[in-house]
Amino acid sequence: MEQMPERMAARPSWLITQLAVHTRRLVFDAFADAGGRGHHYRVLAVLDEFGATSQAELGRRARMDRSDVVAAVDALVGQDLADRAPDPDHGRRNRITLTQSGVRHLRRLDDVVEQVQDELLQSLSAEDRRTLTRLLRQVLDQHEPA
């Protein structure tokens with residue numbers, strides 16, 4: 001790392017921000033090479049883990065803005081990676097489900113994410129990676145809405 005003022009290098013918030021910029025670039029490029037996008041991965045991951053749900057619930061679970069959810073769902077439905085149908089319990093909302101093609105695409109994107117993790121964290125041991133993940137989750141949890 002080029003020399004920088006110690007007051008910056010000693011601040012976790014500054015380091016996290018710098019790492020986030022680098023991580024975002026790595027993930028964006030890797031997803032693009034695999035025919036994916038970050039928002040799509042988030043939606044597919046929520047559907048895979050929690051099952052069929054409304055677009056509003058997708059947004060909450062994926063931490064996405066409503067307009068981004070609509071765009072992602074439209075794209076995924078257009079690629080037959082997800083399905084949108086009226087919710088039988090609520091006539092005014094749609095239920096989004098994961099298709100078998102969506103499951104396969106998500107697995108490919110999972111592999112991409114793993115490769116990015118390995119590249120990003122190559123200087124850390126497996127134990128250090130688990131510790132970093134635990135600490136980041138702890139800090140993030142304190143800022144999540146109740």
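The first residue of the sequence shown is numbered 1, and numbering continues consecutively from there.
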Check: residues 62-72 side-chain donor-acceptor pairs under 3.5 Å, at least two apart:
| from | atom 1 | to | atom 2 | distance (Å) |
| --- | --- | --- | --- | --- |
| R63 | NE | E144 | OE1 | 3.0 |
| R63 | NH1 | R60 | O | 3.3 |
| R63 | NH1 | R61 | O | 3.1 |
| R63 | NH2 | E144 | OE1 | 2.8 |
| D65 | OD2 | S67 | N | 3.0 |
| D65 | OD2 | S67 | OG | 2.6 |

What is the minimum heavy-atom distance between [X] and [Y], and which atoms define it?
{"X": "I96", "Y": "L47", "result": "O-CD2, 3.3 Å"}
{"X": "F31", "Y": "R37", "result": "CD1-C, 3.6 Å"}
{"X": "D128", "Y": "L124", "result": "CB-CB, 3.9 Å"}
{"X": "R129", "Y": "Q117", "result": "NH1-O, 4.1 Å"}
{"X": "H40", "Y": "A75", "result": "NE2-CB, 3.6 Å"}
{"X": "V73", "Y": "V43", "result": "CG2-CG1, 4.5 Å"}

Next on the checklist: Any heavy-atom pair between the side chains of F50 and L58 that's under 4.5 Å?
Outcome noted: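 They are not in side-chain contact.
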
Below 4.5 Å, heavy atoms only, C-beta onward: do V46 and E57 meet side chain to side chain?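 Heavy-atom side-chain distance check fails, nothing below 4.5 Å.
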
same_hphob_cluster([X], [Y]) at 4.5 Å side-chain heavy-atom cutoff:
{"X": "M4", "Y": "L19", "result": "no"}
{"X": "L121", "Y": "L135", "result": "no"}
{"X": "F28", "Y": "V116", "result": "no"}

Pairwise distance [atom1]([X]) to [atom2]([Y]) - rounded to 0.5 angstrom:
{"X": "H105", "Y": "Y41", "atom1": "NE2", "atom2": "OH", "value": "11.0 Å"}
{"X": "T17", "Y": "H22", "atom1": "OG1", "atom2": "NE2", "value": "14.5 Å"}
{"X": "L106", "Y": "D110", "atom1": "CG", "atom2": "CG", "value": "4.5 Å"}
{"X": "L44", "Y": "T99", "atom1": "CG", "atom2": "OG1", "value": "8.0 Å"}
{"X": "R11", "Y": "I16", "atom1": "CZ", "atom2": "CD1", "value": "13.0 Å"}
{"X": "S101", "Y": "D80", "atom1": "OG", "atom2": "CG", "value": "5.0 Å"}

Distance alone, cut at 3.5 Å: any donor-acceptor contact between the side chains of T131 and R134? no

Report task. Go through the side-chain N and O atoms of Q55 and R95 and say whether any donor and acceptor fall under 3.5 Å apart. Result -> no

Does a sphere of radius 6.0 Å around [atom1] in [X] hold more than 12 heavy atoms from other residues, nucleotides or ligands, not counting ones at 6.0 Å or beyond?
{"X": "R84", "atom1": "CZ", "value": "yes"}
{"X": "R93", "atom1": "CZ", "value": "yes"}
{"X": "E127", "atom1": "CD", "value": "no"}

Margin query: Please evaluate residues L120 and Q115 with respect to the criterion side-chain contact (heavy atoms from CB on, under 4.5 Å), reporting the C-alpha separation (whole Å), side-chain torsions for both, the decisive distance (0.1 Å), and the verdict.
Written below: CA-CA 9 Å; L120 181 69; Q115 291 169 6; over 6 Å; no

Which is it for L15 and M8 under the side-chain contact (heavy atoms from CB on, under 4.5 Å) test, yes or no, and what are the steps along the way? CA-CA 8 Å; L15 296 171; M8 292 163 51; over 6 Å; no

From CA spacing to verdict: side-chain hydrogen bond (donor to acceptor under 3.5 Å, both in side chains), T133, R130: CA-CA 5 Å; T133 301; R130 286 188 296 274; over 6 Å; no

